[in-house]
Structure formats: structure tokens, C-alpha cells
Amino acid sequence: MPLPSIARSDELAPLVVDWFAVHARDLPWRRPGFPPWGTLVSEFMLQQTPVVRVIPRLDEWLTRWPEPADLAAEPAGEAVRAWQSLGYPRRALNLHACAVVITERFGGAVPNDVDALLSLPGVGDYTARAVAVFAFGSRHPVVDTNIRRVIARAVDGHPDASTPNAKRDLPAMTALLPADDTAAARFNAGMMELGALICTARSPKCEVCPLANVCAWRAAGYPDVEITRKPKQKKYEGSDRQARGAIIRVLRESPGPVPAARLAEAVTEPAQYSRALSGLLADGLLVAIDDDLFALP
DNA sequence: GTCCAGTCAT
DNA sequence: ATGACTGGAC
């Protein structure tokens with residue numbers, strides 16, 4: 001069979017947009033008409049967290065706090081409680097802080113431009129662009145780890161993305177973006193889904209990939225397919241991170257302040273307990289009522 | 001065990 | 001550039 005050819009930069013978008021139109025996973029957010037506040041909350045929740053775990057939590061949050069001002073009116077600890085076990089609870093704290101800033105400085109409406117969004121706490125390059133594009137339909141590149149992998153393979157012919165670098169990644173995505181705003185947003189969403197569902201890190205499903213015929217990596221015969229290096233993630237079991245999680249869990253499941261002794265029970269190693277406790281206090285995830293009593297903020 | 005849709009502080 | 005930050009799924 002003939003070798004596939006390498007994609008021209010304007011070939012990719014229509015293939016991805018057409019594929020996305022048919023095979024898009026049914027994500028309630030990242031669709032036209034979804035409220036910008038919902039998009040902001042969902043993108044926060046999706047940072048480091050699989051979509052299946054986000055869906056029920058997003059639903060609860062938006063029912064309880066349909067507008068930023070609704071969340072801003074609550075103590076931050078309620079956000080941490082409602083975060084439940086999504087992990088990285090500082091995201092809940094940041095989201096509450098976002099709600100306060102949006103209410104106080106942006107008249108209660110999520111800002112629509114990338115620079116204003118970047119000024120919000122916990123909003124970085126990815127989230128700012130995701131909200132501008134998916135909530136407001138602006139034409140910007142949105143680059144996440146999935147998109148970096150798809151570009152690395154389909155365009156550059158590499159087996160995987162190198163370390164993130166906005167100076168390189170954003171122009172690379174811009175070069176592929178259709179001129180039309182709506183098409184650009186769909187292309188962005190489609191590239192994410194393609195990376196998440198088809199062009200996966202471990203076992204890409206090239207048989208069903210809309211880019212198979214133009215993919216540079218495939219055209220080159222899948223060089224270095226075995227590379228799969230492991231940067232060796234640290235053990236979670238027994239870590240300080242696990243200790244933090246255990247302490248927050250006790251606070252979350254208690255209606256009010258908790259004596260230190262009850263928090264200490266959640267961690268077996270005393271030195272680890274004090275490290276985790278001071279870390280949480282420093283992060284503002286925990287406040288001391290007095291020497292012996294702690295609560296969510 | 002291994003993986004993972006980001007942000008921020010070193 | 002590197003590492004801290006979490007918890008569940010496979």
C-alpha cells in the first residue's frame with residue numbers, strides 16, 4: 001500500500017473538525033451555550049482529573065452555585081467541602097478566589113479575554129485560553145498535553161511530545177488553526193478529544209484515526225515507538241501528599257472545627273503529620289481556631 | 001505498579 | 001528546568 005503523506009498545515013483542521021462532528025464524546029461543557037462560569041468550573045475540575053470523576057461534581061457545583069456571586073458569598077471552606085475527593089483541593093480554594101474576584105472586579109461576569117482570565121487565581125495559560133475559546137468562541141490556540149502529543153506525531157513525526165513550552169507550542173497550534181472562529185474552536189476541541197481517545201500515549205488507535213493518511217509519524221514508520229520513558233513518579237503511599245489528603249478528608253467530613261488529636265489520628269507518622277499540617281496552613285486550606293482546634297477556611 | 005486534560009514556586 | 005500538589009482508574 002502507498003505510504004501516507006505528511007500533512008500540510010491546512011489539511012489537518014478539516015479532518016479533525018469532521019471527525020469531531022461525528023465522534024465527539026458528549027461533553028456538556030465546551031459546547032456553545034454552556035455558561036462561561038460553568039466552563040471555568042469544569043476546566044478547573046478537569047486539571048489533572050479524568051472526565052468521569054468530574055461530571056457529577058460539576059453538576060452539584062453549578063446547581064448550588066449557578067453564578068460566581070453565589071460561590072463568592074460562601075466561606076472558602078464550603079468550596080473545599082464540595083470539592084469532595086477530586087484531589088488537589090487548592091483548586092477549590094482558587095475557584096472560590098476566582099468567584100470573589102469576578103464578583104468584585106468584573107461585575108459578576110467571567111471575563112472574556114485571555115489576559116483578564118490569566119489574572120484570576122489558579123488560571124494559567126491552558127485554562128485562560130480554554131475559557132476564551134470554549135465559552136466565548138474566540139479564536140486562540142488552546143494547547144494541552146493531548147494536543148502537544150497529536151502535533152508531535154502528526155506534524156513533526158515524533159513519537160511523543162517533548163516538555164511543554166508555550167513559546168513553541170502555542171505558535172505550532174496557531175499555524176494549524178482555521179481562519180474562522182467557530183471552526184477554530186471546534187478544531188481545538190477536536191484535537192483534545194483526538195488525543196484523549198485515539199492518539200493516546202500508550203496505544204494509539206491509528207486504524208480509526210482521521211489523520212492516519214497524513215500523519216508524519218505514521219509516514220515515517222513509527223520511529224522510536226518503544227521510547228515510553230518513565231520519569232519515575234514518586235510513591236503516593238506513605239507520602240506527605242497522602243498525609244495532606246487524609247487531614248483534609250477529616251475536615252471535609254466534619255461539619256465544624258476539629259480538635260488536633262482527631263487530625264493526628266489520620267496520619268500514622270507524627271513528623272509527617274506536622275509537616276502536612278503546616279503545609280496546609282501555609283496553603284490556606286486550613287485555619288487554626290486556637291492551638292488545638294482547626295477548621296476549613 | 002502505572003497512568004493522568006495544569007499551575008505555581010522554586 | 002524541576003518538583004510539589006491528589007486520588008482513582010486500569
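Worth knowing before you read on, the calculation uses all heavy atoms, side chains too, and leaves out hydrogens, waters and symmetry mates.
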Interface polar pairs with nucleotides 6-10 of chain B, N/O, under 3.5 angstrom:
| unit_1 | atom_1 | unit_2 | atom_2 | d |
| --- | --- | --- | --- | --- |
| B:dG6 | OP1 | A:Thr145 | N | 3.3 |
| B:dG6 | O4' | A:Gln48 | NE2 | 2.7 |
| B:dG6 | N9 | A:Gln48 | NE2 | 2.7 |
| B:dG6 | N7 | A:Gln48 | OE1 | 3.2 |
| B:dG6 | N7 | A:Gln48 | NE2 | 3.4 |
| B:dG6 | O6 | A:Gln48 | OE1 | 3.4 |
| B:dG6 | N3 | A:Gln48 | NE2 | 3.4 |
| B:dT7 | OP1 | A:Gly124 | N | 2.9 |
| B:dT7 | OP1 | A:Gly124 | O | 3.3 |
| B:dT7 | OP1 | A:Thr127 | N | 2.9 |
| B:dT7 | OP1 | A:Thr127 | OG1 | 2.8 |
| B:dT7 | OP2 | A:Tyr126 | N | 3.2 |
| B:dC8 | OP1 | A:Gly122 | N | 2.9 |

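Within residues 78-87 of chain A, the residues approached by DNA chain C to less than 4.0 Å at the level of any non-hydrogen atom are A:Ser85, A:Gly87, in residue-number order. DNA chain B lies under 4.0 Å from no heavy atom of any residue of residues 261-274 of chain A.
Taking A:Trp61 as the reference, A:Trp65, A:Trp83 meet the ring-ring contact (aromatic ring centres under 6.0 Å, His included) condition, with sequence neighbours excluded. For A:Thr200, the side-chain hydrogen bond (donor to acceptor under 3.5 Å, both in side chains) criterion is met by no residue, not counting sequence neighbours. Take A:Arg275 and apply the side-chain hydrogen bond (donor to acceptor under 3.5 Å, both in side chains) test, not counting sequence neighbours, and it matches A:Asp240. Applying the side-chain hydrogen bond (donor to acceptor under 3.5 Å, both in side chains) criterion to A:Thr49, with sequence neighbours excluded, gives A:Arg91.
When each of A:Pro89 and A:Thr163 is assigned the nucleotide of DNA chain C bearing its nearest heavy atom, the one mapping closer to the 5' terminus is A:Thr163.
Between A:Arg262 and A:Glu265 there is no salt bridge, since none of the side-chain N atoms of the basic residue sits less than 4.0 Å from a carboxylate O of the acidic one.
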Please set out all donor-acceptor pairs under 3.5 angstrom arising from side-chain atoms of residues 284-297 of chain A, sequence neighbours excluded.
| unit_1 | atom_1 | unit_2 | atom_2 | d |
| --- | --- | --- | --- | --- |
| A:Asp290 | OD1 | A:Asp292 | N | 2.7 |
| A:Asp290 | OD1 | A:Leu293 | N | 3.1 |

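Evaluation of the ring-ring contact (aromatic ring centres under 6.0 Å, His included) test over residues 127-166 of chain A, restricted to residues two or more places apart or in two chains, returns none. Sequence neighbours left out, the pairs with a member in residues 115-135 of chain A that pass side chain to side chain donor-acceptor pair (under 3.5 Å) are A:Arg30-A:Tyr126, A:Glu43-A:Tyr126, A:Gln47-A:Thr127, A:Asp125-A:Arg129.
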request  = Using the side chain to side chain donor-acceptor pair (under 3.5 Å) rule, take A:Gln242 and A:Gln272 through it: C-alpha gap first, then chi angles, then the decisive distance, then the call.
outcome  = CA-CA 10 Å; A:Gln242 186 185 39; A:Gln272 199 164 51; over 6 Å; no
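Counted by atom type alone, A:Ser162 and A:Arg168 present one or more donor-acceptor pairs between their side chains at under 3.5 Å.
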query = For DNA chain B, what is the dot-bracket line, given that a base pair needs Watson-Crick (N1 to N3, plus N6-O4 or O6-N4) or G-U wobble (N1-O2 and O6-N3) geometry with both distances under 3.5 Å, and | means paired with another strand?
reply = ||||.|||||
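Contacts of A:Arg57 with the nucleic acid, taken as non-hydrogen atoms under 4.0 Å apart, are absent. A:Phe44 comes within contact range of no nucleotide atom at all, as no heavy-atom separation falls under 4.0 Å.
Counting 5' to 3', DNA chain C first comes under 4.0 angstrom of a heavy atom of chain A and last does so at the ends given by C:dA4 to C:dG8.
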